[in-house]
Each structure stands twice: as structure tokens, then as C-alpha cells.
Amino acid sequence: MLERLKTNLNEAKDAVRKRLDRPKDKYERPVRSKLKLVGAAIGVVSTIAFTYHHYDAIVVSNVAFRATKFLDVFIPPAAKDTANEKLINAYMDARWNVIRQRRAKFALWDYCDLRSSLKDAQRPTSWSELVQLRMRKWGNLLDKSKDKRFTIEKDKCVMLQMLETLKLPHPKVRRTWRSIEAASLKSYLLGQEYPAIIKVGHIHQQKSTLYIKDSKELKRNADKYVSWVKTKMDSVFDDGSKTWASVTNKLYAQTSPCLILQDVVNPGKVSAASDGNDMRPTEVLVEVIWGVPLHGVTVVDVV
């Protein structure tokens with residue numbers, strides 16, 4: 001009995017060995033390769049689909065994870081770039097000398113004039129420091145005399161009125177609201193032609209704009225968009241950064257809610273892109289002090 005079992009086991013081993021040692025079928029390897037490619041393609045498509053439908057959650061999760069500084073244990077932050085810092089300081093010093101020469105004779109609205117604040121002081125360490133000086137001045141004037149001229153910058157409805165008064169080119173404004181009622185807003189939006197941009201004018205930092213590609217998109221998402229607008233209109237903007245909030249949140253608290261429906265810049269150039277990216281303009285922010293350009297920032301991700 002035992003001998004028979006040993007014989008059967010040896011025969012089984014020989015059969016397996018012959019199977020492994022046989023010449024490969026000419027179709028076997030290509031088929032396996034194709035199956036691997038198909039599997040990889042399915043994995044990629046699934047990942048893209050998941051990311052598309054859960055993009056906001058992924059971004060929030062990533063921000064939350066990065067905030068824990070967990071990766072710093074394994075990838076320490078880079079040391080300060082001394083060489084670049086010297087180049088930046090040299091550039092800023094050169095521009096500041098030009099700025100100081102211009103400011104004595106540059107006609108500037110008194111509300112934005114910081115000459116008395118800066119006097120003969122050394123240049124600010126950053127553009128942000130200059131802007132914060134201006135915000136602090138506006139806050140002091142608000143406290144002292146209820147001066148709310150800051151709304152020309154912080155309230156986009158007021159800003160657009162200024163552009164219209166000065167006859168400066170800008171995308172056509174179809175309508176503005178200071179308060180909304182959900183049902184009437186939905187009815188109005190459903191009766192409009194698209195593409196168009198919905199913009200909440202008292203919210204800043206690219207957190208206030210909806211691009212609507214066409215009427216079909218609006219009909220599919222009307223309730224969602226109206227709810228989003230209602231939430232924004234009922235909120236007061238918070239700068240978020242402690243450094244900025246200390247000088248700007250006082251101004252935002254006194255900025256009235258504002259909603260704008262506006263044409264897109266180039267409605268005649270509609271592409272086949274499903275997200276309409278080809279219709280979104282590139283925003284170039286050029287920061288100027290007393291008529292002297294300091295630097296520019298290009299923003300392409302406009303939501």
C-alpha cells in the first residue's frame with residue numbers, strides 16, 4: 001500500500017515536471033501580457049473615475065494629512081535657500097529705490113496713500129506687509145469715521161459699478177443681488193442662457209465662483225448651485241490666516257453680501273472640452289506700488 005502511494009506521488013511529480021519543462025505555447029505569453037495590460041488599464045480608469053467623483057474629499061483629506069506634518073519625520077523640510085534669498089533681497093532693494101523716487105510725485109487716492117505710514121523707513125520685507133499696512137489704515141478709518149471706501153476692493157458689486165462708471169472693459173454683468181430668495185433665484189437662473197459665471201462678490205481667495213457651461217448643466221445642478229449660493233450669501237468671509245485676519249476681518253464684517261451673474265470673457269470660443277477649461281481666462285495679477293510694477297502672479301485654476 002505504501003509502495004503504491006510512493007509510486008503515484010512520483011508519477012504526479014514527473015507529470016508536473018514535464019508540464020513545466022514543455023515548450024511554451026506561442027500564444028500563451030502574448031495572451032498573458034494582454035491580460036496584464038487590460039488589468040492595468042481597468043485600474044487606471046477606476047482610479048480616474050474615483051478621483052473625478054470624490055475630488056473634493058481627496059483634496060480635503062490630503063490637506064488634513066499634510067497639516068499633521070507626519071511626512072516631515074521622513075522627509076525633513078528643505079533648509080532656507082540662502083542664495084535665492086540674496087537674489088530676492090537684491091531685487092526688492094532695487095525696486096524699492098525706484099518706488100521711493102516715484103512716490104513723492106505720484107498722484108494717489110488719499111485712501112490708499114501710505115506715505116505717512118512708511119515715511120523714510122526701510123522697505124517692507126514683503127508685498128503682504130504693504131497690503132496689511134493699507135488694511136490697517138482702512139480699519140482705523142472705519143473705527144474713527146465709519147469710512148467704508150474699502151468696499152471698492154472688498155465688494156465686487158461696488159468694484160463692477162466703478163468699472164462701468166469709468167467705462168473700463170469688463171465682462172458684461174447681467175444682474176446683481178444684495179439678498180436672495182432660493183425659489184426666485186432658481187427660477188431666474190433656469191431662464192438664462194449659458195455659459196455664464198455666478199460670483200459671490202463678498203467672498204474672496206477664489207472660493208466664490210461657479211462656471212456654468214450650458215443650460216443642461218444648470219438644470220442638472222440647479223438645486224445644488226442655489227444651495228451653494230445661499231450658504232455663501234449668508235456667510236461673512238473669514239480670511240483664515242491669523243496674520244491677515246487681524247487686519248482684514250474687521251473690513252469683511254462690514255461688507256454687504258453680493259451676488260453677480262456675469263458673461264464669460266470669450267463665449268464664441270467654445271471647445272469640445274467637457275469642463276470648459278478653454279473658456280476660462282488666465283488671470284494675471286500685477287502688483288504695483290506707486291506706478292512701479294513689483295511682480296506678477298499668473299492664476300489659471302479659476303473655479
Side-chain angles (χ1 to χ4, degrees), residues 103 106-118 124 127-181 185 188 196-211 228-263 265 281 283-291 294 297 299 302-303:
R103 67 179 178 176
F106 190 82
L108 191 66
W109 189 24
D110 67 295
Y111 194 61
C112 295
D113 195 343
L114 296 174
R115 280 176 283 202
S116 60
S117 302
L118 293 169
W127 164 261
S128 297
E129 186 178 330
L130 268 179
V131 177
Q132 287 166 15
L133 278 173
R134 176 157 54 86
M135 300 298 172
R136 189 170 286 110
K137 177 179 179 176
W138 291 356
N140 292 338
L141 288 171
L142 176 65
D143 292 339
K144 183 179 178 180
S145 57
K146 305 299 181 184
D147 191 331
K148 296 182 69 173
R149 287 180 286 174
F150 64 85
T151 54
I152 202 167
E153 177 180 308
K154 300 304 179 187
D155 184 334
K156 293 186 181 74
C157 285
V158 175
M159 183 186 296
L160 288 168
Q161 288 173 358
M162 176 198 70
L163 295 177
E164 184 175 349
T165 300
L166 297 176
K167 300 187 184 303
L168 295 174
H170 61 282
K172 178 184 176 182
V173 176
R174 300 186 192 178
R175 183 174 172 180
T176 61
W177 294 259
R178 284 299 183 180
S179 63
I180 62 165
E181 195 275 322
L185 177 62
Y188 179 85
I197 292 173
I198 296 177
K199 186 180 298 181
V200 183
H202 65 292
I203 305 295
H204 301 271
Q205 297 177 2
Q206 299 182 34
K207 300 174 182 176
S208 63
T209 305
L210 284 176
Y211 171 82
W228 180 87
V229 168
K230 189 73 169 64
T231 300
K232 294 286 186 181
M233 289 290 284
D234 291 341
S235 65
V236 176
F237 183 66
D238 184 341
D239 202 289
S241 165
K242 290 183 179 179
T243 303
W244 283 88
S246 62
V247 294
T248 58
N249 278 1
K250 180 191 296 186
L251 307 178
Y252 294 133
Q254 296 296 319
T255 304
S256 301
C258 161
L259 178 64
I260 304 157
L261 183 66
Q262 195 170 17
D263 283 355
V265 174
E283 178 181 344
V284 181
L285 172 65
V286 180
E287 296 176 335
V288 179
I289 307 176
W290 289 302
L294 186 64
V297 179
V299 180
V302 181
V303 179

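Computed over heavy atoms, backbone and side chain alike; hydrogens, waters and symmetry mates excluded. Each residue takes its place number in the sequence, starting with 1.
Between Lys154 and Met135, the closest side-chain pair of non-hydrogen atoms falls below 4.5 Å. Two residues are said to be in side-chain contact when any heavy atoms from C-beta on lie closer than 4.5 Å; Phe237 and Thr248 fail this criterion. Counting only heavy atoms from C-beta outward, the side chains of Arg178 and Pro257 never approach each other to under 4.5 Å. Using a 4.5 Å heavy-atom cutoff, the side chains of Ser246 and Gln132 are not in contact. A heavy-atom distance below 4.5 Å is found between the side chains of His202 and Met233. For the pair Leu251/Glu153, no side-chain contact is recorded, criterion being any heavy-atom separation below 4.5 Å from C-beta on.
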>> Determine whether Val131 and Trp244 satisfy the following criterion, side-chain contact (heavy atoms from CB on, under 4.5 Å), listing intermediate values before the conclusion.
In response: CA-CA 9 Å; Val131 177; Trp244 283 88; 3.5 Å; yes
> Under the side-chain contact (heavy atoms from CB on, under 4.5 Å) criterion, do Lys144 and Asn140 qualify, and how do the steps go?
Replying inline: CA-CA 6 Å; Lys144 183 179 178 180; Asn140 292 338; 6.0 Å; no
>> Let's go through Leu163 and Val173 carefully: what are the C-alpha distance in whole Å and the side-chain angles of both, what is the deciding distance for side-chain contact (heavy atoms from CB on, under 4.5 Å) to 0.1 Å, and is it a yes or a no?
In response: CA-CA 11 Å; Leu163 295 177; Val173 176; over 6 Å; no
> Between Thr209 and Gln262, is a side-chain contact (heavy atoms from CB on, under 4.5 Å) present by the stated rule, with each step listed?
Replying inline: CA-CA 10 Å; Thr209 305; Gln262 195 170 17; over 6 Å; no
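Formation of a donor-acceptor pair under 3.5 Å by the Lys156 side chain with backbone atoms of Lys199 is not found in this model. A side-chain donor-acceptor contact under 3.5 Å links Ser145 to the backbone of Leu141. A donor-acceptor pair is defined here as one N or O able to donate and one able to accept, closer than 3.5 Å; such a pair exists between the side chain of Trp138 and the backbone of Tyr111. Formation of a donor-acceptor pair under 3.5 Å by the Asp263 side chain with backbone atoms of Arg174 is not found in this model. In this structure, the side chain of Arg175 does not engage the main chain of Ile260 through any donor-acceptor pair within 3.5 Å.
Interatomic distance, Leu168 CG to Met162 CE, rounded to the nearest 0.5 Å: 6.5 Å. Taking CD1 from Ile203 and OG from Ser235, the interatomic distance works out to 4.0 Å, rounded to the nearest 0.5 Å. To the nearest 0.5 Å, the span separating SG on Cys112 from CZ on Phe150 amounts to 12.5 Å. To the nearest 0.5 Å, atoms CD (Gln254) and CG (Asn249) are separated by 12.0 Å.
In this structure, Tyr188 and Trp177 have perpendicular ring planes: the angle between them is above 60°, well past the 30° mark.
In the displayed structure, Glu164 atom CD is contacted under 6.0 Å by at most 12 heavy atoms of other residues, nucleotides or ligands.
Across all their heavy atoms, Lys148 and Thr151 have their closest contact at O-OG1, 2.9 Å. In this structure, Ala245 and Asp238 approach most closely via the heavy-atom pair CB-OD1, 4.5 Å.
Between Asp147 and Lys137 there is no salt bridge, since none of the side-chain N atoms of the basic residue sits less than 4.0 Å from a carboxylate O of the acidic one.
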